[in-house]
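Below you'll find the structure, written out as structure tokens, and then a few comments.
Heavy atoms only: backbone and side chains are in, while hydrogens, waters and symmetry mates are out. Computed from a predicted model, the values in this text were never measured in an experiment. Note on naming: letters A, B, ... go to the chains in the order of the sequence lines (proteins, then strands), and numbering restarts at 1 for each one.
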There are 2 protein chains.
Amino acid sequence: MDQARKASAPVTRVEKKQATRQQLIAATIEVIAADGFADMTLAKVSQRARVSRGLVNFHFTSKEQLLVETLRSLTEEYRDAWRKAVAKPKTARDKLLALLRADFSPKVCNRKKIAVWYAFWGEAKSRPTYLDVCAPADAAFADMVERLCGEVAEEGGYPIDAALAARGLRCMTDGLWLELHMTPQSFRRDVAMRTCLQYLAAIFPKHFLGSEFDHLTAAALETEAEA
Amino acid sequence: MDQARKASAPVTRVEKKQATRQQLIAATIEVIAADGFADMTLAKVSQRARVSRGLVNFHFTSKEQLLVETLRSLTEEYRDAWRKAVAKPKTARDKLLALLRADFSPKVCNRKKIAVWYAFWGEAKSRPTYLDVCAPADAAFADMVERLCGEVAEEGGYPIDAALAARGLRCMTDGLWLELHMTPQSFRRDVAMRTCLQYLAAIFPKHFLGSEFDHLTAAALETEAEA
DNA sequence: AAGATTTGGCTGAACGTTCGTTCAATAGAC
DNA sequence: GTCTATTGAACGAACGTTCAGCCAAATCTT
């Protein structure tokens, strides 16, 4: 039954439906990144997705739900990224490094998606639905960072508060995302990584004080695929 | 000519005009904090400011300019706050501490105003006018933090990159603001302060490793005047 | 000093536009 | 032939903006 189908060309109806649905979400991300949350319009979304004006209300019950599903898509992509990153390494130290690398990887950390994240965050207080979508994932991420910092702290016997250290690291990465959003010309991935690494090296010197800095100027971090 | 006038009751026409202008900006902040940027409406603003519907277009040429002036007001208030904080202490160490205390003071760091900040940041990419308003002030703040970190680093002869340390501190405070915005129930001023202080103590141990932590649990930090 | 006149902040209704949503008609996959 | 994803026109609501009129403060006149 299951023939060999490429992901590029959906043939069955349910596949096609799911494809256009994803297409609409992708178009929503592009429109928000380009025009902002307030000027995001279903007409613009349908135009960018190359579909008719009324199709959005067929796939999504309302504009609001399209936005919720867009945020859900972003949240899941981010969660999958850091879960995959943290799965490979063995030690807590290397897991933390992988987490940072994932946080600044071009797939999740590019101007377009950061703009959409901040657009949603800007509306978060007035629309609790958005919080319901991403809060569990954010809490899971915070737990993971705190657990890893706790392990490293225990290993090294550092006289610091691991919860505070984890909070500081999370907030620092969020702030670095903000720098990419507001002053992209002054943002560089390797600088962002080194900023976090200097912090980690200061609180966990035995684990992070080393030649790690040299690796991160490598060209691998500089490839900026804004797709 | 100049009679003794209280600031509470403007009598002359120009005073009254300036007062209602400020009233409209204050109402704008409240509406954005309550309903979000996308649902902010001139009707809501005029209703909250207790003025008629068409008055906004008398004081401001358009809705867009009302928003720009609101952001300008917010930016100047924040700039004045950290300038005043940094003026009193003598040493770079104490100036940094005062900067942090100002950053988390209830006057600038409360749910309402943080929500408005993030609302504007969410629209920053698509409306460069907003960036023009706050970019100079942000740059001045960044310069100040970097200068102070540089002084402390030189004093202590710490083997770290002062620019990276300053960037890390700025991003950490921005991220802590985001925490207040997204998960206000898990935010506490003293915890935010301690998060930053643990960072400073780690990179500048001779300057910030001390009994500073105890002070910050004082009730003075806990007074949350969300006005 | 007091009335007369001008000035300017302020009102609220009206207008034109834009947006989200609905729905009958259509075309292509099953 | 049936079902369903898709179209595009149409509708109603909501929004930003405009404007003629109003009233009190400021200025001028006597």
Review point. Between A/Y78 and A/W177, what is the ring plane arrangement, given parallel below 30°, perpendicular above 60°, and tilted in between?
Key: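 Taking A/W177 first and then A/Y78, their aromatic rings stand perpendicular (interplane angle over 60°).
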
Checklist entry - Would you call the rings of B/Y118 and B/W121 parallel, tilted or perpendicular, where under 30° means parallel and over 60° means perpendicular? => result perpendicular

Would the number of heavy atoms belonging to other residues, nucleotides or ligands and lying under 6.0 Å from CD of B/E77 be above 12? yes

What is the distance, to the nearest angstrom, from the [atom1] atom on [X] to the [atom2] atom on [N]?
{"X": "B/N57", "N": "C/dT11", "atom1": "CG", "atom2": "P", "value": "13 Å"}
{"X": "B/L42", "N": "C/dT11", "atom1": "CG", "atom2": "C1'", "value": "16 Å"}
{"X": "B/F58", "N": "C/dT7", "atom1": "CZ", "atom2": "P", "value": "15 Å"}
{"X": "A/L66", "N": "C/dT21", "atom1": "CG", "atom2": "C1'", "value": "14 Å"}
{"X": "B/E15", "N": "C/dC10", "atom1": "CD", "atom2": "C1'", "value": "18 Å"}
{"X": "B/D39", "N": "C/dC19", "atom1": "CG", "atom2": "P", "value": "15 Å"}
{"X": "A/Q47", "N": "C/dC19", "atom1": "CD", "atom2": "P", "value": "11 Å"}
{"X": "A/F60", "N": "C/dT21", "atom1": "CZ", "atom2": "C1'", "value": "16 Å"}

DNA chain D: first to last nucleotide in contact with chain B (atom under 4.0 angstrom from a heavy atom), 5' to 3', is D/dC15 to D/dA26

Regarding the side chain of B/V51, the nearest nucleotide among C/dC10, C/dT11, C/dC19 is C/dT11

Of the candidates C/dG8, C/dT11, C/dG20, the side chain of A/K63 sits closest to C/dG20

One should read off an interatomic distance between B/L178 CG and B/F187 CZ, to the nearest 0.5 angstrom, of 11.0 Å

For DNA chain D, whose closest nucleotide is more 5', that of A/K17 or that of B/T61?
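With A/K17 and B/T61 compared, the 5'-side residue is A/K17.
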
**Message:** Between A/R147 and A/D143, does any NZ, NE, NH1 or NH2 come within less than 4.0 Å of an OD or OE carboxylate oxygen?
**Reply:** no

C/dC10 phosphate, OP1 or OP2: any side-chain N/O from B/T20 under 4.0 angstrom? yes

One pair to check against salt bridge (charged side-chain N to carboxylate O under 4.0 Å, His left out): B/K44 and B/D39. What are the steps and the verdict? CA-CA 9 Å; B/K44 292 178 185 174; B/D39 290 344; 5.4 Å; no

Practice task
Look at all strands and tell whether B/V56 reaches a base, only sugar-phosphate, or nothing, counting heavy atoms closer than 4.0 Å.
Solution key: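 Here B/V56 touches no strand at all.
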
So, do A/F120 and A/C134 sit near enough that their side-chain heavy atoms are less than 4.5 Å apart?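 SC-SC contact between A/F120 and A/C134 ruled out.
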
Residue pair B/R13/B/S52 against DNA chain C: nearer the 5' end by closest nucleotide is B/R13

